[in-house]
There are 2 protein chains.
Amino acid sequence: MLNRSNLRMTRQRMVILEELRKVNTHPSADEVYEMVRRRLPRISLGTVYRNLETLSASGDIRKLDSSGSLKRFDGRAEHHYHIRCTHCHRLADISFDPGVDLTSRVRDFTDFSVSGHNLEFAGLCPDCGRASENVSAAEAYTQG
Amino acid sequence: MLNRSNLRMTRQRMVILEELRKVNTHPSADEVYEMVRRRLPRISLGTVYRNLETLSASGDIRKLDSSGSLKRFDGRAEHHYHIRCTHCHRLADISFDPGVDLTSRVRDFTDFSVSGHNLEFAGLCPDCGRASENVSAAEAYTQG
DNA sequence: TTTGCTGCAAATCCTTTGCAGAGGT
DNA sequence: ACCTCTGCAAAGGATTTGCAGCAAA
């Protein structure tokens, strides 16, 4: 970790990394701030933003390119897919094997020099699905 | 079009729709504003935002859930995939057939009730690829 | 005539940045 | 000691919203 040699392992940076690795909830910068604040009450939001940037640049965490306006962060650095609840907007990990190599398959369809892809699924999470059994289906799919 | 019955087809709304359908460049709200302003110089940016929202809610256009901080809009309402240039950030249409039904395949891997997916490719566009032949490969991949 | 829509401007939300001092190495 | 990092606060960019008048239907 921290493969850029001029990086320092400060207390703030370490706590951010530890907290992010404790959860699988893909928190936003503000949510990371709240988590970290319980251990470092004087940390600033700016520091959280700067470290999330630094840590994703060094490959220790992932900044998720997912739908929605907030950027979310993932303590797992390895590539994996996500699914977002259309109702509560929660983002969950999913170990999905598409069965085909999408990146190499797409090369026949474009004149771009393709380097990767980003695939995110959408659906109702179990909790929201259960809740919606009591209301009409149309209502259940309304974005909150 | 305009299937919500209480919607009015105002001059502003019509011009926004027409301009968006003329291009395949997936403009941001601000870019739509510039395009529309040539025909309606007194239109406001707020009106553009409101109408882009309205038109995507009614299904006439698409609000793209793509990577990057700006929301982009597509005059084609039918589903299709996109590829983004990692250098100039241009978003291009791509008619890609994954060969498998990703949405139904993923159902074996999750307890969500899956309704759809969003797949975006990344790579160097032909223009940026040509330009990068003159510089080092590392430099070419640097995000601008 | 009704009421959804507009232009304007201010507000909001998320994120980035300048600065002077603190703290890793 | 050096120089990156920090907290603070202000700035920034994108988007949303309140309001009073305008204009589709």
Side-chain angles (χ1 to χ4, degrees), chain A residues 1-19 26-58 60-61 63-73 89 91 143-144, chain B residues 1-20 26-58 60-73 89 91 143-144:
Chain A
M1 87 165 102
L2 297 187
N3 35 35
R4 252 172 55 204
S5 54
N6 53 342
L7 288 189
R8 293 179 181 168
M9 180 45 81
T10 60
R11 181 137 181 68
Q12 290 85 338
R13 186 165 293 158
M14 171 159 356
V15 172
I16 288 171
L17 189 54
E18 284 174 2
E19 291 299 312
H26 314 88
S28 64
D30 204 70
E31 288 164 347
V32 172
Y33 176 54
E34 288 305 328
M35 291 155 59
V36 168
R37 217 137 70 112
R38 296 198 285 266
R39 290 174 57 189
L40 300 175
R42 298 192 47 75
I43 197 172
S44 75
L45 183 55
T47 295
V48 171
Y49 270 103
R50 274 183 293 228
N51 276 309
L52 289 171
E53 202 53 53
T54 304
L55 289 168
S56 45
S58 65
D60 295 297
I61 66 171
K63 183 197 238 176
L64 300 179
D65 241 357
S66 59
S67 62
S69 46
L70 276 68
K71 287 269 170 294
R72 299 194 162 272
F73 297 85
H89 303 117
L91 196 65
Q143 299 268 342
Chain B
M1 88 165 103
L2 295 188
N3 34 36
R4 250 171 57 203
S5 54
N6 52 342
L7 288 188
R8 291 177 184 172
M9 181 43 84
T10 61
R11 181 138 182 68
Q12 290 86 340
R13 186 165 293 158
M14 173 163 347
V15 172
I16 287 170
L17 189 54
E18 285 174 3
E19 291 299 313
L20 205 45
H26 314 88
S28 63
D30 203 70
E31 287 163 347
V32 172
Y33 175 55
E34 288 304 328
M35 291 155 59
V36 168
R37 214 136 71 111
R38 296 198 285 265
R39 291 172 59 189
L40 301 175
R42 297 192 46 76
I43 197 172
S44 75
L45 183 55
T47 295
V48 171
Y49 271 102
R50 275 183 291 228
N51 276 309
L52 289 171
E53 201 52 52
T54 304
L55 288 167
S56 45
S58 66
D60 296 296
I61 66 172
R62 257 173 184 274
K63 183 196 234 175
L64 300 179
D65 241 356
S66 57
S67 61
S69 46
L70 276 67
K71 287 268 170 291
R72 298 193 163 271
F73 297 86
H89 302 116
L91 196 64
Q143 298 267 345

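Predicted model, so just to flag it, every value in this text is computed and none were measured. Proteins get letters first, then strands, A, B, ... in listed order; numbering begins at 1 in each.
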Undergrad: Of the residues in residues 35-45 of chain B, which ones touch DNA chain C at a heavy-atom distance under 4.0 Å?
TA: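 Within this stretch, B/Arg42, B/Ile43, B/Ser44 sit under 4.0 Å of the strand.
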Undergrad: Could you encode protein contacts along nucleotides 19-25 of chain D as a string, one character per nucleotide from 5' to 3', using B for base contact, S for sugar-phosphate-only contact and - for no contact, with a heavy-atom cut-off of under 4.0 Å?
TA: ----BBS
Undergrad: Considering the options B/Lys63, B/Glu31, B/Glu53, which one meets the side chain to side chain contact (heavy atoms under 4.5 Å, CB included) requirement together with B/Phe73?
TA: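 The residue from B/Lys63, B/Glu31, B/Glu53 that satisfies side chain to side chain contact (heavy atoms under 4.5 Å, CB included) with B/Phe73 turns out to be B/Lys63.
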Undergrad: For B/Leu64, is there any backbone N or O sitting under 3.5 Å from a side-chain donor or acceptor partner on B/Arg72?
TA: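 No: the side chain of B/Arg72 does not pair with the backbone of B/Leu64.
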Undergrad: Decide side chain to side chain contact (heavy atoms under 4.5 Å, CB included) for A/Lys71 and A/Leu52; before the verdict, give the C-alpha distance in whole Å, the side-chain angles of both, and the deciding distance to 0.1 Å.
TA: CA-CA 10 Å; A/Lys71 287 269 170 294; A/Leu52 289 171; over 6 Å; no
Undergrad: Let me know the distance between CZ of B/Phe73 and C1' of D/dA14, rounded to the nearest Å.
TA: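 About 11 Å, once rounded to whole Å.
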Undergrad: Side-chain N or O of A/Tyr49 versus OP1/OP2 of C/dT15: is the shortest distance under 4.0 Å?
TA: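 Yes, A/Tyr49 has a side-chain N/O under 4.0 Å of OP1/OP2 on C/dT15.
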Undergrad: Rounded to the nearest 0.5 Å, how far does CG of A/Leu70 lie from CG of A/Leu91?
TA: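 If I round to the nearest 0.5 Å, the distance is 11.5 Å.
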Undergrad: On the nucleotide D/dT6, are OP1 or OP2 found under 4.0 Å from the side-chain N or O atoms that A/Asn51 carries?
TA: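 For A/Asn51, the contact criterion (side-chain N or O under 4.0 Å from OP1 or OP2 of D/dT6) is met.
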Undergrad: Between A/Val48 and B/Thr47, which has a closest nucleotide on DNA chain D that is more 5'?
TA: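 Of the two residues, A/Val48 wins.
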Undergrad: How many angstroms lie between CG in B/Leu7 and CG in B/Asp60, if you round to the nearest 0.5 Å?
TA: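 It comes to 8.5 Å.
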Undergrad: Rounded to the nearest angstrom, tell me the gap between atom CG in B/Leu52 and atom P in D/dT15.
TA: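 Taking CG of B/Leu52 and P of D/dT15, I get 10 Å after rounding.
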Undergrad: How close or far is atom P of D/dA14 from atom NZ of B/Lys71, stated in whole angstroms?
TA: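 It is 13 Å, rounded to the nearest whole Å.
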Undergrad: Rounded to the nearest 0.5 Å, what separates atom CZ in A/Arg37 from atom CD in A/Glu19?
TA: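 CD of A/Glu19 is found 13.5 Å from CZ of A/Arg37.
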Undergrad: Rounded to whole angstrom units, what separation is found between the NZ atom of A/Lys63 and the P atom of C/dT15?
TA: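 In whole Å, C/dT15 P and A/Lys63 NZ are 9 Å from each other.
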Undergrad: Decide side chain to side chain contact (heavy atoms under 4.5 Å, CB included) for B/Ile16 and B/Ile43; before the verdict, give the C-alpha distance in whole Å, the side-chain angles of both, and the deciding distance to 0.1 Å.
TA: CA-CA 10 Å; B/Ile16 287 170; B/Ile43 197 172; 4.3 Å; yes
Undergrad: Return the value, rounded to whole Å, for the distance between atom OH of A/Tyr33 and atom C1' of C/dT16.
TA: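 That distance rounds to 16 Å.
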Undergrad: Quick one: A/Leu17 CG to D/dC5 P, roughly how many Å, whole number?
TA: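 Rounded to whole Å, this separation is 14 Å.
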Undergrad: So how far is it from A/Tyr49 OH to A/Asp30 CG, rounded to the nearest 0.5 Å?
TA: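 Between atom OH of A/Tyr49 and atom CG of A/Asp30 there are 6.5 Å.
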Undergrad: Answer yes or no: are there more than 12 heavy-atom neighbours, outside B/Arg39 itself, under 6.0 Å from its atom CZ?
TA: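 Enclosed.
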